[in-house]
Engineer: 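This is the structure, below, for whatever I ask next.
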Amino acid sequence: MERAGTIVLRVTLVGLPVGLLLLYLALAPDGIGETRVAAAWYGARVVSSAPFMLLSAATGAAFSLWLAVRTLATRRFTKAMRDGGVPARRVKTRDEDHLVARARAALEPALTRRPDLPRLVDALLGTPVDLGAAELTLIPEAFGVQVSLRFGMDRVPVTTMPSETFEAVLERLRMIVGVDDVGHGTIELRGSAGSERIDAHFEHPAVDRRDAYALRLVISRRSGYSRTLEQLGMGEAVLARLGAALEHDKGLIVLAGGNQSGLTTTLYAAAHRLHRAGKHPDALVAIEPHVRLELPFMLQLEVGAAETASVLQHALTHRYQVLLLRKLTDPASASLALQAARERLVIVTLEADGALAALRTIASLADSKLLTETLLLAQGQLLAFKLCRHCRSKETLSDEQRRAFGGLELPNEAFHAQGCERCGGRGVTADRIALFWSLERSPWLVELLQRPPKLEELRRRAFDHGYRGPIERALELAEEGETSIDDALELARARRLG
Ligand SMILES: [Zn+2]
């Protein structure tokens, strides 16, 4: 709308003087009749000239082309949105500035010196819904609490609020949601266009190395768009392995990581890949503790207070081609999932230190023969904070650091950050980056899993076969300057073997 307004204004500014001149010539008294005749003759000559004709034709053609390209782009954009893809770049170029301006207009009046708390909370809860944002995040920073909205993939800072106000807002929201300190619940929001259930998460970020981040609040709408696998930053090899595994009609894919390491995001993105590969929404079913995002390309069953195994049992009576199971914890579900993987593609997520640890867990929960029969791929992931670009620097690894990594092959130099004003002295930003690693089915692995091996043995054998686990991946990213060498060191010291 703003752009249309600008165009109208420009046309008026140019057109008005010309129009006035023509009007003057047309209505001029007889005294300047000759001028009129001359102008009319000159005008007719210009209009009938070849350059003018050519120019008109070219302008017409260019306009038609522009219109066609725009229509096509709009159609593709709408389709991608409907399919659950995240055309984040397009969203950004289109109207992000406008959305941010609207969010500011809604929030800032309530953020005065003595904030009107009920009004502020209403505005905070209503803004993501009104603007179609997937998420509202409040993160304490050095300069105050940053309020940001997520549109598609992008988290956009909107405004800041004083820490005292944040405390009061948290207090009030905790009361509404019924959460004491950390945890999540739902809020029923009644807007003018109907009501919507919103998830509110009160959380300490998963990786809290410098202990400087206070509680953060994420309010997310349940309807949203999945990311694609390509957007997760897996690295080529891991992405290719997962892509290949997803092409199978049957078998087991294991996604493992710590609590809040982004497993659900990966699972949703994998489902989205299957959808893009032509799987009908009726062929995909997800069984989830609670539905994080309602996605258009699969059926989602919420376990809620029921037993995971009984929901799974129920789902297995239908002919779903792909089964996605979030948070595998119990032996009954593990057995059912492995049985199902003999005939269909089954993707499970479970809380474990990584790919190898997850395999050991599953082997202990269910029949390890079934595991060796069905396993396609085990993948691990964890989140690390992104290094601050303003104060990071490359340093030579000390002898002590080298010793801590044991016998690993190490780069000569890796990045580290001291902390500066921009990052509040922490050396890292609020953004996080995911580390992925994985292990494919192979003869030696199948043989080893016949009798559940020790983690060290599993890792040693995997390593001999070219396996690169979390420590290796962290080292790679520290060498590139994405994360700190301290992260890799911490993983090595904690013996996160993958
Ligand atoms: Zn910094």
Side-chain angles (χ1 to χ4, degrees), residues 88 92 96 100 104 135-151 153-167 170 203-218 231-235 258 260-262 265 381-398 400-402 404-405 410-436 470-494 496:
K92 189 167 190 158
E96 210 164 78
V100 168
R104 282 216 179 103
E135 216 172 83
L136 168 83
T137 317
L138 305 182
I139 303 175
E141 293 281 359
F143 48 81
V145 176
Q146 191 178 67
V147 181
S148 42
L149 290 171
R150 187 183 288 285
F151 298 106
M153 270 286 283
D154 299 312
R155 201 174 68 202
V156 192
V158 173
T159 182
T160 53
M161 95 171 44
S163 303
E164 312 85 70
T165 312
F166 177 58
E167 290 302 324
L170 271 185
E203 59 193 36
H204 294 292
V207 183
D208 203 349
R209 195 177 62 225
R210 322 248 152 127
D211 205 22
Y213 281 97
L215 200 70
R216 72 173 191 160
L217 168 67
V218 179
Q231 287 169 327
L232 300 183
M234 282 186 183
Q260 294 194 9
S261 60
T265 304
Q381 72 181 74
L382 62 85
L383 293 180
F385 277 117
K386 267 193 181 166
L387 215 49
C388 172
R389 309 234 157 226
H390 304 285
C391 59
R392 65 174 185 184
S393 61
K394 219 168 190 184
E395 287 173 1
T396 313
L397 265 66
S398 70
E400 193 201 331
Q401 282 174 325
R402 288 184 175 279
F405 280 110
L410 297 172
N412 283 327
E413 297 178 313
F415 276 93
H416 168 83
Q418 293 295 340
C420 64
E421 246 173 49
R422 300 285 278 271
C423 57
R426 290 185 299 263
V428 290
T429 68
D431 259 351
R432 285 174 289 173
I433 183 171
L435 280 65
F436 294 92
I471 305 173
E472 289 82 9
R473 182 64 183 146
L475 273 169
E476 269 173 25
L477 288 174
E479 203 184 348
E480 288 165 18
E482 292 290 331
T483 59
S484 168
I485 185 71
D486 299 336
D487 286 331
L489 256 176
E490 211 166 280
L491 292 173
R493 288 208 178 103
R496 281 287 294 268

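The basis for the numbers below is simple: all heavy atoms, side chains too, and nothing from hydrogens, waters or symmetry mates. Both counts, for ligands and for their atoms, begin at 1 and track the order of listing.
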Engineer: Evaluate the side-chain proximity of Pro411 to Leu475: yes if any heavy-atom separation is below 4.5 Å, no if none is.
Structural biologist: yes
Engineer: Check whether Arg496 reaches the backbone of Pro470 with its side chain - one donor and one acceptor, N or O, closer than 3.5 Å.
Structural biologist: no
Engineer: Do side-chain atoms of Gln381 reach the backbone of Ser261 as a donor and acceptor pair under 3.5 angstrom?
Structural biologist: yes
Engineer: State whether Glu476 and Arg473 are salt-bridged, where the test is any N-O pair (Lys NZ or Arg NE/NH1/NH2 against Asp/Glu carboxylate O) under 4.0 Å.
Structural biologist: yes
Engineer: If you define the side chain from C-beta out and look only at heavy atoms, does anything of Leu491 sit under 4.5 Å from Leu382?
Structural biologist: yes
Engineer: Is it true that Glu482 and Arg389 make a salt bridge, defined as a side-chain N closer than 4.0 Å to a carboxylate O?
Structural biologist: yes
Engineer: At a cut-off of 2.8 Å, list the protein N/O/S atoms near the Zn ion (ligand 1), residue plus atom name.
Structural biologist: Cys388 SG, Cys391 SG, Cys420 SG, Cys423 SG
